[in-house]
Asks: 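For reference, the structure I am asking about is given below.
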Amino acid sequence: MERVQGIGGYFVRAKDPEALTAWYRDSLGLDADEHGLWHPVAGPTVFAAFEAGTDYFGRPEQQVMLNFRVSDLEAMLAQLRAAGAEVAAETQEMAGVGRFGWVTDPEGNRIELWQQA
């Protein structure tokens, strides 16, 4: 059986694509080139389906949630707060998995940030 090799891209609709791209670059350090090509640090990727009624993604109409691995969750959340981003007050820890925090991008998409255990 042929298998996928990894995530090839993540595409999001935006009212202002240039501004949203700039936010991801300036707020999260996602340094994609002019074609959107980004070379992330190698590491694990989680693929998981959630119940349709979950509130974990934020707004009920948000069908998917992007999760970024970070090396220092507290530093990233502080950086985002200092930049005026909408950062969730709570964080979550899962034994053996790591710590999680959330930010909402300027288009209203909730993003999860994950510091591995």
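Start at 1 with the first residue, then count along the sequence.
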Asks: So if you build clusters from Ile, Leu, Val, Met, Phe, Trp, Tyr with side-chain heavy-atom gaps below 4.5 Å, do Leu30 and Met65 land together?
Replies: no
Asks: With a sphere of 6.0 Å drawn around CD of Glu61, does it hold more than 12 non-hydrogen atoms of other residues, nucleotides or ligands?
Replies: yes
Asks: Between Glu107 and Arg13, is the closest basic N to carboxylate O distance under 4.0 Å?
Replies: no
Asks: Okay, side chain of Arg59, backbone of Gly108: is any donor-acceptor separation there less than 3.5 Å?
Replies: yes
Asks: Taking all atoms of both residues into account, what is the closest heavy-atom pair of Thr91 and Gly101, and its distance?
Replies: CG2-CA, 4.4 Å
Asks: Could you state the interatomic distance from CD (Gln79) to CG (Asp26), rounded to the nearest 0.5 Å?
Replies: 10.0 Å
Asks: Please state whether the rings of Tyr56 and Trp102 are parallel, tilted or perpendicular, taking 30° and 60° as the class boundaries.
Replies: perpendicular
Asks: Examine distances only and state if a side-chain atom of Arg69 and a backbone atom of Pro44 form a donor-acceptor pair shorter than 3.5 Å.
Replies: yes
Asks: Listed by chain and number, what are the side-chain contact (heavy atoms from CB on, under 4.5 Å) partners of Pro40, not counting sequence neighbours?
Replies: Trp38
Asks: Could you tell me if the side chain of Asp72 sits less than 4.5 Å from the side chain of Glu74, heavy atoms only?
Replies: yes
Asks: So, for Gln62 and Asn109, which heavy atoms are closest and what is the spacing to 0.1 Å?
Replies: OE1-CA, 3.5 Å
Asks: Hey, quick one: are Tyr10 and Val103 part of the same hydrophobic cluster, counting side-chain heavy atoms closer than 4.5 Å, chains of contacts allowed?
Replies: yes
Asks: Just so I know, are the side chains of Val70 and Leu28 near enough to count as touching, which here means a heavy-atom distance under 4.5 Å?
Replies: no
Asks: Group every Ile, Leu, Val, Met, Phe, Trp and Tyr by side-chain heavy-atom contacts under 4.5 Å, then state whether Val97 and Phe50 land in the same group.
Replies: yes
Asks: Evaluate Phe47 against Val4 for side chain to side chain contact (heavy atoms under 4.5 Å, CB included), listing each step before the verdict.
Replies: CA-CA 12 Å; Phe47 178 86; Val4 298; over 6 Å; no
Asks: Counting only heavy atoms not in Gln92, do more than 12 sit closer than 6.0 Å to its CD atom?
Replies: yes
Asks: Are Leu66 and Phe100 linked, directly or through other ILVMFWY residues, by side chains that come within less than 4.5 angstrom of each other?
Replies: no
Asks: Who passes side-chain hydrogen bond (donor to acceptor under 3.5 Å, both in side chains) against Thr104, sequence neighbours left out?
Replies: none
Asks: Restricting to non-hydrogen atoms, name the atom on Ala117 and the atom on Gly96 that form the minimum distance, rounded to 0.1 Å.
Replies: CB-C, 3.7 Å
Asks: Got a second to check how far Asp105's CG is from Tyr24's OH, nearest 0.5 Å?
Replies: 3.5 Å
Asks: Give the cluster check for Val87 versus Met76: same hydrophobic cluster or not, with ILVMFWY residues linked at side-chain heavy-atom distances below 4.5 Å.
Replies: yes
Asks: How far apart are the closest heavy atoms of Ala85 and Trp23, and which atoms are they?
Replies: CB-CZ2, 4.2 Å
Asks: Is atom CD of Glu18 surrounded by more than 12 heavy atoms (other residues, nucleotides or ligands) closer than 6.0 Å?
Replies: no
